[in-house]
**Q** 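Quick one: the structure is below, questions incoming.
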Amino acid sequence: MSINITMPALSPTMEEGNLAKWLVKEGDTVEPGDVIAEIETDKATMEVEAVDEGVVGKILVPAGSEGVKVNAIIAVLAEDGEDASALEDVTAEAPTKPAETPIAPADTADSPAPKVEEESANHAADHGKPPVAQAKPTNGERIFATPLARRIADQKGINLADLSGSGPRGRIVKADVENAQPKQTAAENTASAPSAPAASQSKTTVPTGMADDQVLALFDGAKYEKKPHDGMRRVIAERLTESAQTIPSYFVTMECELDALLALRKQMNDAAPKDKDNKPAYRISVNDFIVKAMAMALQAVPTANVSWTSTDRIFHKSSDVGVAVAVDDGLFTPIVRDAHAKTLSAISAEVKDMAGRARSKKLKPEEYQGGSTAVSNLGMYGVREFTSIINPPHASIVSIGAAEKKPVIKDGAVAVATLMAATFAFDHRAIDGALGAELAAAFKAYIENPMSMLV
């Protein structure tokens, strides 16, 4: 019997993607683990692997197709002994088999995994990785579900053990959970209490304030070029519009003296070992110190290391700091995991590696999802100070301005110091004013006493 290959979800929030390239053709034999296609999302290009064996009977979605919905059938495999010619009349709108067999993204764990405790699942979520999508009901049998289905079930208060999966091998998928209703307990039935409202799953729209034809009418007779929004630009617009409309932000600015940090940075870079070509093993930047200082400040003020959800505040144990990286017509925020526990040279190497791969759209979703805070640095452009929009699930972000020499009063006399403005944005739902000021003060202390980050 033929097996449908569907558009995979490469991240919990992915709704569609571009089928960039087929690495197989009709008639090719594939086995589980074979890389068969390249899929482009708004943030990355990833190889995907087959999870079943068979012969590629028909490719339904050609290479270069854009906006292919998750779980749409993109190709059909003929099983051993099946006549591939029987698939000639198959179309994407008329699949030969209702069950959907996805292709798995390479280097990800899509296979069934053992049960994990809630604390471990939360730890994975804190690090931007989808939690293991299986639970273990009371009868001892494991439940197989996709990460997105598991998250929606948690939001709607649905027990996965009550559902039947329509995905491959009975796996519970998004549609199964969305079509289900939360099951009331006996006590709730007796009291006739209404179930909790389900979290909205509708896609965020981005209002322009004016209709498109009204905007274009303003430029009638002018010279311009229209560039359609790509996936990255749409996601940036949607997420930041959502942030601006839903997060009550406030801002705190601290001026930090950099002279001790700059002196230590020079000393460390001068002491870096060199290879046979006289190239230093590392070169630490001021931004590396800033990432480390933010991570250490979150450890010093752990109640500010938090994310907000509609039902809980999530207090993170590790300091996972995003670093804003400008790419061609867009922005990535790769995450430095456990930044508080890493050396400055390790942070430097990791940021350089992820920034390079971000610019070529080769980051994996788990490398730019999650975290609780971020660093955005425009100092290299001469910007004195600015504010940034918080990118959920973060509850804070620090905006770094240029370092400038300014007159200051020290010991009753005028002196010159190198000052840098750091402006924090905080989500007031999770971080109150005094707590935000405490985190900003801890950051300033680490910046002005950089040796404290090394011990």
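If you're wondering where the values come from, they're calculated on a predicted model, not measured in any experiment. Numbers here simply count residues along the sequence, with the first being 1.
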**Q** Going from CG on Asn18 to CG on Asp230, what distance comes out if it is rounded to the nearest 0.5 angstrom?
**A**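 One finds 9.0 Å between CG of Asn18 and CG of Asp230.
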**Q** So, Glu40 and Lys361, do they make that salt bridge, N to O below 4.0 Å?
**A**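 No salt bridge links Glu40 with Lys361.
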**Q** Flag the pair Thr253 / Glu385 as yes when at least one side-chain heavy-atom distance between them is below 4.5 Å, and no otherwise.
**A**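 The answer is yes, as the side chains (C-beta and beyond) meet within the 4.5 Å cut-off.
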**Q** Do the side-chain N and O atoms of Ser307 and Ser372 include a donor-acceptor pair separated by under 3.5 angstrom?
**A**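 No, because no side-chain N or O of Ser307 sits under 3.5 Å from a partner of the opposite role on Ser372.
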**Q** Charged N to carboxylate O under 4.0 angstrom, Asp277 versus Lys279?
**A**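 Between Lys279 and Asp277 there is no salt bridge, as every charged N stays at least 4.0 Å from the carboxylate O atoms.
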**Q** How about Asp320 and Val336: do any of their side-chain heavy atoms sit closer than 4.5 Å?
**A**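 Side-chain contact under 4.5 Å: no.
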**Q** Working to the nearest 0.5 angstrom, can you tell me the gap between Met380 CE and Ser285 OG?
**A**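 If I round to the nearest 0.5 Å, the distance is 8.5 Å.
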**Q** Provide the closest heavy-atom pair for Phe315 versus Pro302 in the form atom of the first, atom of the second, distance.
**A**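 The answer is CD2-O, 4.2 Å.
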**Q** Given the rule in the side-chain contact (heavy atoms from CB on, under 4.5 Å) test, do Leu160 and Val177 qualify, once you have shown the distances and angles that lead to the verdict?
**A** CA-CA 8 Å; Leu160 293 177; Val177 182; 4.3 Å; yes
**Q** Are the side chain of Ser319 and the backbone of Ala295 linked by a donor-acceptor contact shorter than 3.5 Å?
**A**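 Checked: pair present.
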**Q** Starting from the C-alpha separation in whole Å, work towards a yes-or-no answer on side-chain contact (heavy atoms from CB on, under 4.5 Å) for Arg265 and Val286.
**A** CA-CA 8 Å; Arg265 171 178 176 261; Val286 171; 4.0 Å; yes
**Q** Would you say Lys21 has more than 12 foreign heavy atoms packed within less than 6.0 Å of its NZ?
**A**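 Not buried by this count: 12 neighbours or fewer within 6.0 Å.
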**Q** Considering non-hydrogen atoms only, spot the tightest contact between Ser345 and Ile284 and give its length.
**A**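 Where Ser345 meets Ile284 most closely, the heavy atoms are N-CD1, 4.2 Å.
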**Q** Run Leu258 and Met420 through side-chain contact (heavy atoms from CB on, under 4.5 Å) and show every step you take.
**A** CA-CA 7 Å; Leu258 285 187; Met420 174 191 78; 3.7 Å; yes
**Q** Counting C-beta onward and ignoring hydrogens, is there a side-chain heavy-atom pair between Thr418 and Lys405 closer than 4.5 Å?
**A**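 In short, these two side chains touch, coming nearer than 4.5 Å.
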**Q** For Asn287 and Val375, run side-chain contact (heavy atoms from CB on, under 4.5 Å): C-alpha distance rounded to whole Å, both residues' side-chain angles, the deciding distance at 0.1 Å, then the answer.
**A** CA-CA 9 Å; Asn287 204 59; Val375 170; 3.8 Å; yes
**Q** Just by distance, no angles: are the side chains of Thr387 and Thr423 close enough, under 3.5 Å, to form a donor-acceptor pair?
**A**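 No.
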**Q** What pairs of residues pass the ring pair (Phe, Tyr, Trp, His ring centres under 6.0 Å) test when at least one of them lies in residues 404-455, not counting sequence neighbours?
**A**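 Every pair satisfying ring pair (Phe, Tyr, Trp, His ring centres under 6.0 Å) with a residue in residues 404-455: Tyr250-Phe426, Tyr250-His428, Phe424-Phe426, Phe424-Phe443.
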**Q** May I ask you to check whether over 12 heavy atoms, not counting those of Lys274, lie within 6.0 Å of atom NZ?
**A**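 Buried by this count: over 12 neighbours within 6.0 Å.
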**Q** Identify whether the distance between the nearest side-chain nitrogen and carboxylate oxygen of Asp288 and Lys292 falls below 4.0 Å.
**A**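 The answer is no: the pair does not qualify as a salt bridge.
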**Q** List the atom of Ala430, the atom of Ala395, and the distance in Å for their closest heavy-atom pair.
**A**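 Smallest heavy-atom distance, with atoms named: CB-CB, 4.3 Å.
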**Q** Side-chain contact test, heavy atoms from C-beta onward, threshold under 4.5 Å: evaluate it for Met354 versus Thr333 and give yes or no.
**A**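 A side-chain contact is absent here, since even the closest heavy-atom pair is not under 4.5 Å.
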**Q** Say whether, by atom type as modelled, one donor and one acceptor occur between the side chain of Arg233 and the main chain of Asp329 under 3.5 angstrom.
**A**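 Yes: the side chain of Arg233 pairs with the backbone of Asp329.
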**Q** Leu378 versus Ile400: any side-chain heavy-atom pair under 4.5 Å?
**A**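 SC-SC contact between Leu378 and Ile400 ruled out.
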**Q** For Arg429, does the CZ atom sit with more than 12 other heavy atoms under 6.0 Å from it, leaving out its own atoms?
**A**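 Enclosed.
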**Q** Under a 4.0 Å threshold between the charged nitrogen and the carboxylate oxygen, would Glu448 count as salt-bridged to Lys444?
**A**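 Counted as a salt bridge, because a side-chain N and a carboxylate O are separated by less than 4.0 Å.
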**Q** Can we say Lys410 and Glu257 salt-bridge, meaning some charged N sits less than 4.0 Å from an Asp/Glu carboxylate O?
**A**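 Glu257 and Lys410: salt-bridged.
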**Q** Counting only N and O atoms by type, is there a donor-acceptor contact under 3.5 Å from the side chain of Asp312 to the main-chain atoms of Thr309?
**A**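 No: the side chain of Asp312 does not pair with the backbone of Thr309.
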**Q** Does Asp275 reach the main-chain N or O of Asn278 with its side chain, forming a donor-acceptor pair under 3.5 Å?
**A**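 Yes, because the side chain of Asp275 sits within donor-acceptor range (under 3.5 Å) of the backbone of Asn278.
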**Q** Taking the side chain as every heavy atom from C-beta outward, state whether Val416 and Lys406 have any pair of such atoms under 4.5 Å apart.
**A**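 Val416 vs Lys406: side chains apart.
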**Q** Are the side chain of Asn305 and the backbone of His316 linked by a donor-acceptor contact shorter than 3.5 Å?
**A**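 Yes, because the side chain of Asn305 sits within donor-acceptor range (under 3.5 Å) of the backbone of His316.
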**Q** Roughly how far, to the nearest 0.5 Å, is the CZ atom of Arg337 from the CD atom of Glu366?
**A**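 Going from CD on Glu366 over to CZ on Arg337, the span is 8.0 Å.
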**Q** Below 4.5 Å, heavy atoms only, C-beta onward: do Val325 and Leu331 meet side chain to side chain?
**A**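 The answer is no; the side chains never approach within 4.5 Å.
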**Q** If you apply the rule salt bridge (charged side-chain N to carboxylate O under 4.0 Å, His left out), what do you find for Arg357 with Asp353, and how did you get there?
**A** CA-CA 6 Å; Arg357 289 189 291 116; Asp353 170 63; 3.0 Å; yes
**Q** Are side-chain heavy atoms of Glu49 and Ile36 found at a separation under 4.5 Å?
**A**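 Glu49 does not reach Ile36 side chain to side chain.
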**Q** If you draw a 6.0 Å radius around NZ in Lys266, do more than 12 non-hydrogen atoms from other residues or ligands fall strictly inside?
**A**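 Counting other residues, nucleotides and ligands, NZ of Lys266 stays at 12 neighbours or fewer.
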**Q** Going from CD1 on Ile397 to OG on Ser376, what distance comes out if it is rounded to the nearest 0.5 angstrom?
**A**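 It comes to 5.5 Å.
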**Q** Please report the closest heavy-atom contact between Asp338 and Ser318, naming both atoms and the distance.
**A**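 That closest heavy-atom pairing would be OD1-CB, 2.9 Å.
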